[in-house]
Each structure stands twice: as structure tokens, then as C-alpha cells.
2 protein chains.
Amino acid sequence: MIQNLTDHDREHLQEALGKSGQKVTPQREAVFTVLLAQRDHPTVDEVFHRAREVMPGLSLATVYNCLETFVGCGLVRQVNHERESTRYCPNLTPHAHFRDKATGRVHDIELPPEVLKSLRSILPPGFDSDVVEISFHGRAQAKDSDPSN
Amino acid sequence: MIQNLTDHDREHLQEALGKSGQKVTPQREAVFTVLLAQRDHPTVDEVFHRAREVMPGLSLATVYNCLETFVGCGLVRQVNHERESTRYCPNLTPHAHFRDKATGRVHDIELPPEVLKSLRSILPPGFDSDVVEISFHGRAQAKDSDPSN
DNA sequence: TAATCAGTTAGAATGAGTCTAATCCGCAAG
DNA sequence: CTTGCGGATTAGACTCATTCTAACTGATTA
């Protein structure tokens, strides 16, 4: 079920949007709520359908717009795997993604700072990177108690 | 300019295809030649146009087919960045990719075994991965004498 | 009240990639 | 030879995620 945002989360939303000179709208709040309610890396379409349950008039274009806005102000991350639909992830801590061949599900894998550092160290001089994407592809033993919030 | 394959490369092609029960065709040879001639991670479309110069009747569908076949038998790797067109890379050694924001160009970054190992070590028990994709995104100081072959 | 402006909306347009059905080609059997 | 077979190739239609466009909404300002 999709609950309302906690005060804390609403503040987080408001602050991040505000910093980029944008405002909180009901649509943005609904989309953000959906993202936090079920952290299973939904596609735009999944977000759309979930958000519609709460706000029936919401349009797909708006969902695209909201998600783009969130990415722009650092509220969520995009996750791409091969050429599949883009997925969205509100986990902002440094982490890698693991895509389960069997189920298609995406799992977050914690990324210790020293591993991230050793990874960055392979860049030759002159290469300056702000983003590193790491994605594993394979099989995970299912022991999956759905990672909602 | 697109030269013919060396005997060594032609053997490589023949062997890899043969192992998966497929044969060398003029189209496959042309596409493979194009990939080796200019290792700049071309898109399908780029491969298509380059190969057409050598084999004017070649169709786009065939280029897709050839590349898929090559990926299937381990002759080349796919490189995906965000949702851009898939690119192809005949470098089979373990390496990461660096995508230059400014030029859109993709560079290979050598990946030392110990870094790869430390990366794999972050997978929790139960997660088994055969493929890891690492891609950096940022700016590279241009000192680029075209990486052909 | 009117003007403005960001945000939202529906639907059209785009474009990478896939699918389909027809054709081609090399080769083995007759 | 010539026939038949199967994989490869081809052109073009199709799919579908994403982007674009132009009209509309609603809050805020003049």
C-alpha cells in the first residue's frame, strides 16, 4: 500500500526541489511517494501505474517529467541495464547493482569506500569522472523478503 | 581505410564461429573487418555505414544479425551507456569503459585483476555473477591519436 | 481583471532495435 | 547437372521506450 510521505521525507523532497528552484506539486509528491514506498527499482511504467492508483488523472508524460526532475536535483538515481527500460532508485548511498538473470529483479549491493577508491584509481591521469556505474549480472539465490522501504 | 583481415584475425573469426556451429560468410567477414579496423566503439549504424563502403548491398538487419552472432560466440562485447545506442568493442581483455561527456567518445580503461577481484568480493553470499560492467562518466583530456587497431 | 509562467496533459513523433516473409546461396543427394 | 534443403540475408513493417509539441491549468504578480 502507498502511504503518505513522512514529514521527514516531505522535507527532503521540498529541500532538494527548492535548491534547484523548483516547487513541490501534488504530482511530484505522488511520484516521490511511490518511489519510497517500494524500493524495487521500478520502471517508468511501473511508477506510472502505481501512482495512478493514488492520483488517477496523472499522465505518463508527467511521470517522465517528475523523474527527470528528481534525477536533476539528485533525489533519485537512474539505473540502466543493457537496453531495458530505465529504472529508478531512491538509494543515494554509493552502491552497485546486481541484476538477477532469472527474475530480472535488481538488487542494491553496498559499495565500501575503499573498493570505490581502488576502482577510481584505475583511471589514467587526465581522466576525471564524477559518476561510476557498476552493474553485475548473474544469479541470486532467492531469499527475498521484498525490499520495501 | 578498411583493410582485409590478417590471416590471424580470419582464423580467429573462423574458430569462434565454428565453435558455435556457424560459418564464415562474406557479410560476417566484412562486419568483423570493420570492427577491427577502427576500435572506436562504433554503433550499429556506424558499423553499417563503414561496412557498406566495402560491401554496398549489405543490409542493416544483417549488421544487427552479425553483431549478435559475434556477441553470442564471444568475439565482441556490447557496450551500453545510459539509453544511447549500443556500441561494439572487439577488446576482450577485462576492461572498464570511460565515456567522455564532452565528445561522447568511449575509451577503454584497463582493469587490473586485483581490482576486479576486490569488486567481486563485495557480492554477498548467494550472489553469483558472470558479467560485471563498469562505466565511468566524465571528462577526459583530449590527447587522442585515434585508437585504430 | 489581465498577464505571466511553471507545470501538466494527450497525443504525435522519433528512433533503436526486432520481427517477418521472401529470397539467396552453398552444398549434398539423386 | 538439377533438385532440395537449411542457414543466411534482405527490405520493410512493426514495437515500444522515450521525447516532443501544443494546448491547457492554476497559482502568483501587475
Side-chain angles (χ1 to χ4, degrees), chain A residues 13-14 16-34 41-52 54-73 75-88 99 104 106, chain B residues 13-14 16-34 41-52 54-73 75-88 99 104 106:
Chain A
L13 175 63
Q14 183 146 31
L17 286 172
K19 266 188 195 156
S20 339
Q22 317 210 48
K23 24 185 165 168
V24 178
T25 66
Q27 287 85 348
R28 284 174 182 169
E29 201 169 311
V31 170
F32 192 57
T33 305
V34 161
H41 307 88
T43 61
V44 173
D45 222 60
E46 286 164 346
V47 173
F48 177 55
H49 288 299
R50 291 176 196 173
R52 285 275 256 191
V54 155
M55 182 180 277
L58 184 68
S59 87
L60 180 61
T62 299
V63 175
Y64 273 100
N65 290 340
C66 291
L67 290 169
E68 194 192 327
T69 303
F70 293 165
V71 170
C73 66
L75 271 172
V76 308
R77 278 174 56 181
Q78 281 185 320
V79 184
N80 290 290
H81 255 289
E82 320 262 299
R83 299 216 90 246
E84 291 175 5
S85 314
T86 299
R87 295 171 176 278
Y88 291 83
R99 164 108 178 316
V106 175
Chain B
L13 175 64
Q14 182 145 32
L17 285 172
K19 266 188 195 158
S20 338
Q22 317 213 47
K23 28 188 162 161
V24 179
T25 67
Q27 288 85 346
R28 285 174 180 168
E29 201 168 311
V31 169
F32 192 58
T33 304
V34 161
H41 307 88
T43 61
V44 173
D45 222 62
E46 286 164 345
V47 173
F48 177 54
H49 289 299
R50 290 177 196 172
R52 285 274 255 189
V54 156
M55 182 181 277
L58 184 68
S59 87
L60 181 60
T62 300
V63 175
Y64 273 100
N65 290 340
C66 291
L67 290 169
E68 194 193 327
T69 303
F70 293 166
V71 170
C73 67
L75 271 172
V76 308
R77 278 174 57 182
Q78 279 185 321
V79 183
N80 290 291
H81 255 289
E82 321 263 299
R83 297 216 90 248
E84 291 175 5
S85 315
T86 300
R87 295 173 174 278
Y88 291 83
R99 165 107 178 315
V106 176

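Chain letters run A, B, ... following the sequence lines, proteins first and then strands; every chain starts at 1. Atom set for the values below is all heavy atoms of this structure, side chains included, hydrogens, waters and symmetry mates excluded.
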*In plain terms, say whether B:Glu82 and B:Arg99 are close enough for a salt bridge, that is, a side-chain N and a carboxylate O under 4.0 Å apart.*
no
*So do the side chains of A:Leu75 and A:Leu13 get within less than 4.5 Å of each other, counting heavy atoms only?*
yes
*First-last contacting nucleotides on DNA chain C - partner chain A, under 4.0 angstrom, heavy atom*: C:dG7 to C:dG17
*Rounded distance (nearest 0.5 Å) linking atom CD of B:Glu46 with atom OG1 of B:Thr43*: 3.5 Å
*Flag, side chain of A:Arg87 to backbone of A:Asn80, donor-acceptor distance under 3.5 Å*: no
_Distance, nearest 0.5 Å, that separates NZ of B:Lys19 from SG of B:Cys73_ = 9.5 Å
_Using heavy-atom distances to pick each residue's nearest nucleotide on DNA chain D, tell me which of B:Ser59 and B:Gln22 is more 5'._
B:Gln22
*Output yes when at least one side-chain N/O atom of B:Thr62 is less than 4.0 Å from OP1 or OP2 of D:dT9, else no.*
no
_To the closest 0.5 Å, what do you measure between CD (B:Gln14) and CZ (B:Arg28)?_
12.0 Å
*asked:* Between P on D:dA8 and CD on B:Glu29, what's the gap in Å once rounded to a whole number?
replied: 15 Å
*Between A:Pro42 and A:Arg50, which heavy-atom pair has the shortest distance, and what is it?*
CB-NH1, 3.8 Å
*Send over the distance from B:Asn65 CG to D:dT10 P, rounded to a whole Å.*
9 Å
_Within the 4.0 Å limit for protein heavy atoms, which parts of nucleotides 16-30 of chain D are touched? Write it as a string from 5' to 3', B for base, S for sugar-phosphate only, - for none._
-SBB-----------
*Just wondering, do B:Val54 and B:Thr33 contact through their side chains at under 4.5 Å, heavy atoms?*
no
